[in-house]
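Down below is the structure, laid out as structure tokens.
Counting from 1, the numbers follow the sequence of the chain as shown.
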Amino acid sequence: MKKAKNIVFLALLTAYVVVVSGFITEKERGRHISALKINITDSTENQFIHTKDILHILEASKFYPVGKELKDVDLEKAEKSLQGRQIIGKAEVFITEPGIVNVEITQKTPFVRVFDRYGNSFYLDREGNVIPRGNGFSPFVLVANGFIDEPFALSRTINIMDAKHDSITRSLHTIYDVYRLAMYITEDDFWNAQIEQIYVTSNYEFELIPRVGSQVIELGRVENLDEKFGNLKILYEKGFNNLGWNQYEKICLKYKNQVVCTKTQ
């Protein structure tokens, strides 16, 4: 008898939970979106994209959540429309109480700005993503310019590694050498503080422009970087500290185990 009462009690409890859950679900479904909030988490560092830009992207994808019921708001579609943009690293769209749609945006972070031989300008992040030039905002990063070509269309390519580059010409391969050299410089605290510009010559060799001093550093090809920068560091620490920074107009690192300096005339 006791067992039968327990079974009846559990059945009634289950029915109660189902009914109450149904009311709660209906209440939730009937709730309307009251506001849309956009937060660009790293906007104080690199302001490549603004709130108005996010609104334009959402509107272009027909995302108008304010005033709609929760069940009619497609959050996944909104996220996909944002994540397809070159400048956006991560996008999250979610709802909080009471009926507020939140859009959290994380931008990609540039580490080098490239000016190619045709006057196009864009940024690269450390993953090789192409980032369009921001309107009215230029972060303080390493600059690369000169005879630089790309084997891809800047308007369509999201990552430079997406393009086939195993058997392209030296001129088209230049952008990958720029990326490799910029990574080497910026990942070393000493060289990141010393070098401000990479220049690609007409024969696709590389020159470096330091922040201090007027000399040009002729690096040559992007090879044996540990050896070349090791020799240059010895010159910086033992030579320039004693003789001064403006004694030489050129420093050549192109030849193996040699540093050839040309004095200022």
Side-chain angles (χ1 to χ4, degrees), residues 40-49 86-90 106-117 120-134 137-152 154 157-163 165 170 172-201 204-237 240-241 245 251-254 259:
I40 303 173
T41 58
D42 52 356
S43 60
T44 56
E45 296 179 8
N46 298 304
Q47 198 171 6
F48 280 95
I49 196 164
Q86 288 176 299
I87 183 57
I88 295 176
K90 185 179 180 181
T106 302
Q107 302 174 109
K108 294 172 183 173
T109 304
F111 80 111
V112 60
R113 183 173 183 178
V114 179
F115 294 85
D116 70 14
R117 66 189 302 179
N120 300 311
S121 174
F122 57 92
Y123 296 90
L124 294 175
D125 71 6
R126 294 187 182 280
E127 285 69 50
N129 295 305
V130 174
I131 303 174
R133 181 173 57 86
F137 188 80
S138 299
F140 188 67
V141 294
L142 183 67
V143 171
N145 66 335
F147 290 81
I148 300 174
D149 294 282
E150 312 93 4
F152 48 77
L154 293 174
T157 302
I158 295 175
N159 190 293
I160 66 172
M161 302 306 172
D162 291 342
H165 57 278
R170 177 173 289 279
L172 292 178
H173 196 277
T174 309
I175 187 63
Y176 301 100
D177 289 336
V178 168
Y179 172 78
R180 180 185 168 195
L181 180 56
M183 284 285 284
Y184 189 95
I185 291 171
T186 57
E187 287 183 346
D188 185 290
D189 290 340
F190 181 84
W191 295 120
N192 191 41
Q194 296 295 335
I195 306 300
E196 67 175 359
Q197 181 183 344
I198 297 169
Y199 179 76
V200 182
T201 67
Y204 306 108
E205 292 189 344
F206 288 77
E207 296 178 349
L208 306 176
I209 309 300
R211 298 187 194 280
V212 179
S214 58
Q215 64 271 13
V216 173
I217 302 168
E218 297 178 337
L219 187 72
R221 306 291 189 196
V222 181
E223 56 190 15
N224 303 320
L225 293 181
D226 285 338
E227 176 187 313
K228 291 178 178 179
F229 278 97
N231 291 336
L232 182 60
K233 191 170 186 178
I234 292 172
L235 178 63
Y236 266 56
E237 293 177 339
F240 289 164
N241 284 340
W245 295 86
I251 300 169
C252 181
L253 305 171
K254 295 193 290 185
V259 178

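- Scanning all heavy atoms of the two residues, the minimum distance from Ser121 to Arg113 falls at OG-NE, 2.9 Å.
- Under the salt bridge (charged side-chain N to carboxylate O under 4.0 Å, His left out) criterion, Asp116 pairs with no residue, sequence neighbours left out.
- Nearest approach of Tyr199 to Gly146, heavy atoms of both residues: CE1-CA, 3.5 Å.
- Using a 4.5 Å heavy-atom cutoff, the side chains of Pro151 and Ile175 are in contact.
- Applying the salt bridge (charged side-chain N to carboxylate O under 4.0 Å, His left out) test to pairs two or more places apart or on separate chains, none has a residue in residues 175-185.
- For the side-chain hydrogen bond (donor to acceptor under 3.5 Å, both in side chains) test, residues two or more places apart in sequence or in another chain that qualify with Lys254 are Glu205.
- Ile195 and Leu142 make their closest contact through O-CD1, 3.6 Å (heavy atoms, listed as atom of the first residue, atom of the second, distance).
- The side-chain hydrogen bond (donor to acceptor under 3.5 Å, both in side chains) check on Asp226 picks up Tyr184, with sequence neighbours excluded.
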(request) Begin with the C-alpha distance, continue with both residues' side-chain angles, and end with the deciding distance and a verdict on side chain to side chain contact (heavy atoms under 4.5 Å, CB included) for Leu208 and Phe229. (result) CA-CA 11 Å; Leu208 306 176; Phe229 278 97; 3.7 Å; yes

(request) Show the numbers, then the answer: is there a side-chain hydrogen bond (donor to acceptor under 3.5 Å, both in side chains) between Arg126 and Thr186? (result) CA-CA 10 Å; Arg126 294 187 182 280; Thr186 57; 3.0 Å; yes

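- Listed by chain and number, the residues in a side-chain hydrogen bond (donor to acceptor under 3.5 Å, both in side chains) with Glu187 amount to none (sequence neighbours excluded).
- Among residues two or more places apart in sequence or in another chain, the salt bridge (charged side-chain N to carboxylate O under 4.0 Å, His left out) test is passed with Arg221 by none.
- Scanning all heavy atoms of the two residues, the minimum distance from Tyr179 to Glu127 falls at OH-C, 4.0 Å.
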